[in-house]
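In what follows, a structure is listed as structure tokens, so that the remarks can point back to it.
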Amino acid sequence: MDFDVIVIGSGPGGYVTAIRASQLGFKTAIVERETLGGVCLNWGCIPTKALLKSGEAYENLSHLADYGIKIEKASFDFSNVIARSRKVAGQLNAGVTFLMKKHKIEVIEGTAKLEKGQGAPKVVVALKAGGSRTVQAKHVILATGARARTIPAIGLEPDGDRVWTYREAMVPKAAPKSLIVVGSGAIGIEFASFYRALGSEVTVIEALPRILPVEDEEVSKAAHKAFEKRGLKFRVGASVKKLTKSRTGVSVELEAGGKAETLTADVAIVAVGIAGNVEDMGLEALGVKIEKSHVVIDSHGGTGVAGLYAIGDVAGPPWLAHKASHEGVHCVEHLAGLKPTNLNSPIPGCTYSSPQIASVGLTEAQAKEQGIAVKVGRFPFKVNGKAIASGETEGFVKTVFDEKTGALIGAHMIGAEVTEMIQGYVLAITMEATEAELQATVYPHPTMSEAMHEAALDAYGRVLHI
């Protein structure tokens, strides 16, 4: 055996898995075909937040008068906005490179394919530098991630010019004057929010009856209203029939409520889901079970093939970097014979738009569908002292408790910086906190987090500031 563990893919799932494996004493290698850090650090989570911060900063200039500040002739340099985002990605990539060296993890640059081996599959790497290298380990962990789903049959396929996925949307030469976003999940909404902040006319198309369909319905409705206030336009319950490109833009034929409509714009962004990176790796020949482009795994990441595991996006939803890291740590701790971290820990979801959206656990509707009697609390930021002082009064906090046990089973937020606040509720659910413990917790004043306390109090008729 060349190694104890070989990880294929170096995104937040892969590189964190490799680091934890090294910490546990495993001789570890990681195979990467593109850039260390994967999509998240280079083309996803991190650089998109850099773009969103630039958009937010520019948009906030128009509200400075609310704070007694005057400014004239505000403008932006789009090329520098993009350059800053790429610089941030480069910094994080360098950080992962350092971590690989620090933990003595061998990085093999190339594209991996699996073949039957003694125990775990052999890893045959077509090297970037040319030639190939075959390595074998006791354990092989797939962390190959996923990519944007496309639908070529109706024209939803990127061409780098008029039709983009998230990747093309991050490095255009200029901001489009008009933009159509197909899909209103987190990716679609974040790009819609960024480009709208810079002045683009943006229309979002969603096939389901409401935007951000995985979120609690109250949050979804509030988000729709807030985004429209910023000038975003929506077509919900609308199915795209065909996208046609021209030299000057795109036209999108859609149907909503039995009526046909055609929208035109300079550019379209396709954000209609995720497909796992499972092709051309020899998985089927090994007997790996694949469903809807994702590897089927057991409770420890096992694929059913001896010595082969899968974690992160390639293993299915939710397609989140922190979920991938969590699964990877669980997997290698299991391989080391430790009692691993709980694989079923609550996974928070965040959308970094303006306003931000964050959630964890069950929605009110999901809880009721499972037959759980619930107590629901709500508290708006418009009566929170810190929110008022900051001029950030949009949004609210919502809590969902199991009426029988008092356990917190869901929390949902919309407003400024709620993506930073949600972790308090994640910890509460992880530790099986009840309403009594949340109500007895002291929250600092003045903070927006006090709304979290009030929402827990409200569920039991004890709210103080309404």
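We use all heavy atoms of the structure for the numbers below, so side chains are in, but hydrogens, waters and symmetry mates are not. One is the number of the first residue; the rest follow in order along the sequence.
- Note that CG of Leu92 and CG of Asn42 are 8.5 Å apart. Values are rounded to the nearest 0.5 Å.
- Side-chain contact check for Glu417 versus Met448: every heavy-atom pair is 4.5 Å or farther apart.
- With sequence neighbours left out, the ring pair (Phe, Tyr, Trp, His ring centres under 6.0 Å) criterion links His322 to no other residue.
- With contacts defined as side-chain heavy-atom distances shorter than 4.5 Å, the pair Thr303/Val296 does not qualify.
- Scanning both residues, Glu32 and Ser10, for their nearest heavy atoms gives OE1-OG, 2.7 Å.
- Ion pairing between a basic and an acidic side chain is recognised when a charged N comes within 4.0 Å of a carboxylate O; Glu157 and Arg149 show no such pairing.
- From Phe379, atom CZ reaches atom OG1 of Thr399 across 12.0 Å, with rounding to the nearest 0.5 Å.
- Taking every heavy atom of both residues into account, Pro47 and Ser85 meet most closely at O-OG, 2.9 Å.
- Ring centroid separation for the pair His300 and Tyr309 does not come in under the 6.0 Å cut-off.
- Between Arg167 and Glu34 there is a salt bridge, since at least one side-chain N of the basic residue sits less than 4.0 Å from a carboxylate O of the acidic one.
- Remark: His294 pairs with Trp319 by the ring pair (Phe, Tyr, Trp, His ring centres under 6.0 Å) rule, at least two apart or across chains.
- Taking the side chain as every heavy atom from C-beta outward, His224 and Val236 approach each other to under 4.5 Å.
- Classification of Lys386 and Glu392 as a salt-bridged pair fails, no side-chain N sitting under 4.0 Å from a carboxylate O.
- Counting non-hydrogen atoms of other residues, nucleotides and ligands closer than 6.0 Å to CD of Glu255 gives a total above 12.
- A 4.5 Å side-chain heavy-atom check between Ile429 and Val360 finds at least one atom pair inside the cut-off.
- Ionic pairing of Lys398 and Glu218 is present here: one or more N-O contacts between side-chain nitrogen and carboxylate oxygen are shorter than 4.0 angstrom.
- The nearest pair of heavy atoms linking Ala137 to Ala120 is O-CB, 3.3 Å.
- The two residues Asp402 and Tyr460 make their nearest non-hydrogen contact at O-OH, 4.1 Å.
- No option in Arg20, His139, Gln23 other than Arg20 meets the side chain to side chain contact (heavy atoms under 4.5 Å, CB included) test with Val332.
- Thr144 places a side-chain N or O within 3.5 Å of a backbone atom of Asn277 that can act as its donor or acceptor partner.
- Residues Leu254 and Lys241 are not in side-chain contact: their nearest non-hydrogen atoms beyond the backbone lie 4.5 Å or more apart.
- In this structure, CG in Leu212 is found 5.0 Å from CD1 in Ile189, a value given to the nearest 0.5 Å.
- With hydrogens and angles ignored, the 3.5 Å screen pairs no side-chain donor or acceptor of Ser22 with any backbone N or O of Ile19.
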Quiz item: Which is it for Leu142 and Leu114 under the side chain to side chain contact (heavy atoms under 4.5 Å, CB included) test, yes or no, and what are the steps along the way?
Solution: CA-CA 10 Å; Leu142 298 175; Leu114 302 180; 4.0 Å; yes
Quiz item: Which is it for Ile422 and Met413 under the side chain to side chain contact (heavy atoms under 4.5 Å, CB included) test, yes or no, and what are the steps along the way?
Solution: CA-CA 8 Å; Ile422 193 65; Met413 306 179 181; 4.1 Å; yes
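- Between Arg378 and Glu454, no side-chain nitrogen of the basic residue sits less than 4.0 Å from a carboxylate oxygen of the acidic one, so the salt-bridge criterion is not met.
- Using a 4.0 Å cut-off between a side-chain N of Lys or Arg and a carboxylate O of Asp or Glu, Glu327 and Lys323 qualify as a salt bridge.
- Contact annotation: the side chain of Glu168 never approaches that of Val267 to less than 4.5 Å [non-hydrogen atoms, C-beta and beyond].
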Exercise. Starting from the C-alpha separation in whole Å, work towards a yes-or-no answer on side chain to side chain contact (heavy atoms under 4.5 Å, CB included) for Val270 and Trp164.
Key: CA-CA 6 Å; Val270 179; Trp164 301 342; over 6 Å; no
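- In this structure, the side chain of Tyr195 engages the main chain of Ala169 through a donor-acceptor pair within 3.5 Å.
- Heavy-atom minimum distance, Gly377 versus Asp458: CA-OD2, 3.4 Å.
- Remark: of the listed residues Thr203, Val250, Ile269, Ile269 is the sole one forming a side chain to side chain contact (heavy atoms under 4.5 Å, CB included) with Leu179.
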Exercise. Under the side-chain hydrogen bond (donor to acceptor under 3.5 Å, both in side chains) rule, what do Glu215 and Ser220 come out as? Steps first, then yes or no, please.
Key: CA-CA 6 Å; Glu215 300 294 344; Ser220 175; over 6 Å; no
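- A donor-acceptor pair is defined here as one N or O able to donate and one able to accept, closer than 3.5 Å; no such pair exists between the side chain of Gln356 and the backbone of Ala416.
- One finds a salt bridge joining Lys221 and Glu217 here, because a Lys/Arg side-chain nitrogen approaches an Asp/Glu carboxylate oxygen to under 4.0 Å.
- Side chains of Glu333 and Leu24 form a contact here, defined as non-hydrogen atoms less than 4.5 Å apart.
- The main-chain N or O of Pro355 is found under 3.5 Å from a side-chain atom of Ser353 such that the two form a donor-acceptor pair.
- Salt bridge annotation for Glu291-Lys289: present, with a cationic side-chain nitrogen under 4.0 angstrom from a carboxylate oxygen.
- The pair Glu435-Lys375 does not meet the salt-bridge criterion, since no charged nitrogen lies less than 4.0 angstrom from a carboxylate oxygen.
- Between Glu394 and Lys382, no side-chain nitrogen of the basic residue sits less than 4.0 Å from a carboxylate oxygen of the acidic one, so the salt-bridge criterion is not met.
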Quiz prompt | Tyr166/Val39 under side chain to side chain contact (heavy atoms under 4.5 Å, CB included): CA gap, chis, key distance, verdict | solution = CA-CA 10 Å; Tyr166 61 84; Val39 168; 3.7 Å; yes
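- Atom CD1 in Ile151 sits 10.5 Å away from atom CG in Leu243 (nearest 0.5 Å).
- A donor-acceptor pair is defined here as one N or O able to donate and one able to accept, closer than 3.5 Å; such a pair exists between the side chain of His453 and the backbone of Gln439.
- Minimum interatomic distance between Asp216 and Glu364 (heavy atoms only, all atoms of both residues): OD1-N, 3.3 Å.
- The closest donor-acceptor contact from the side chain of Arg235 to the backbone of Ala238 lies at 3.5 Å or more, if one exists at all.
- The shortest side-chain heavy-atom distance between Ile205 and Leu263 falls under the 4.5 Å cut-off.
- One finds the CG atom of Leu198 at 8.0 Å from the OG atom of Ser54 (value rounded to the nearest 0.5 Å).
- Summarising the geometry, atom CG belonging to Leu232 is positioned 13.5 Å from atom NZ belonging to Lys229; distances are rounded to the nearest 0.5 Å.
- Side chain of Arg84 to main chain of Leu51: no donor-acceptor pair is present (N/O by atom type, distance under 3.5 Å, no hydrogens or angles).
- Between the side chain of Ser390 and the backbone N or O of Ala387, no donor-acceptor pair lies under 3.5 Å.
- The number of heavy atoms from other shown groups lying within 6.0 Å of CZ (Arg147) is above 12.
- Listed by chain and residue number, Lys49, Glu190, Ser193, Phe194, Tyr352 satisfy the side-chain contact (heavy atoms from CB on, under 4.5 Å) test with Leu52 (two or more places apart in sequence, or in another chain).
- A donor-acceptor pair under 3.5 Å is absent between the side-chain atoms of Ser200 and the main chain of Ser178, judged by distance alone.
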Exercise. With side-chain hydrogen bond (donor to acceptor under 3.5 Å, both in side chains) as the test, would you mind laying out the steps for His445 and Glu450 before giving the verdict?
Key: CA-CA 7 Å; His445 174 78; Glu450 290 176 279; 2.9 Å; yes
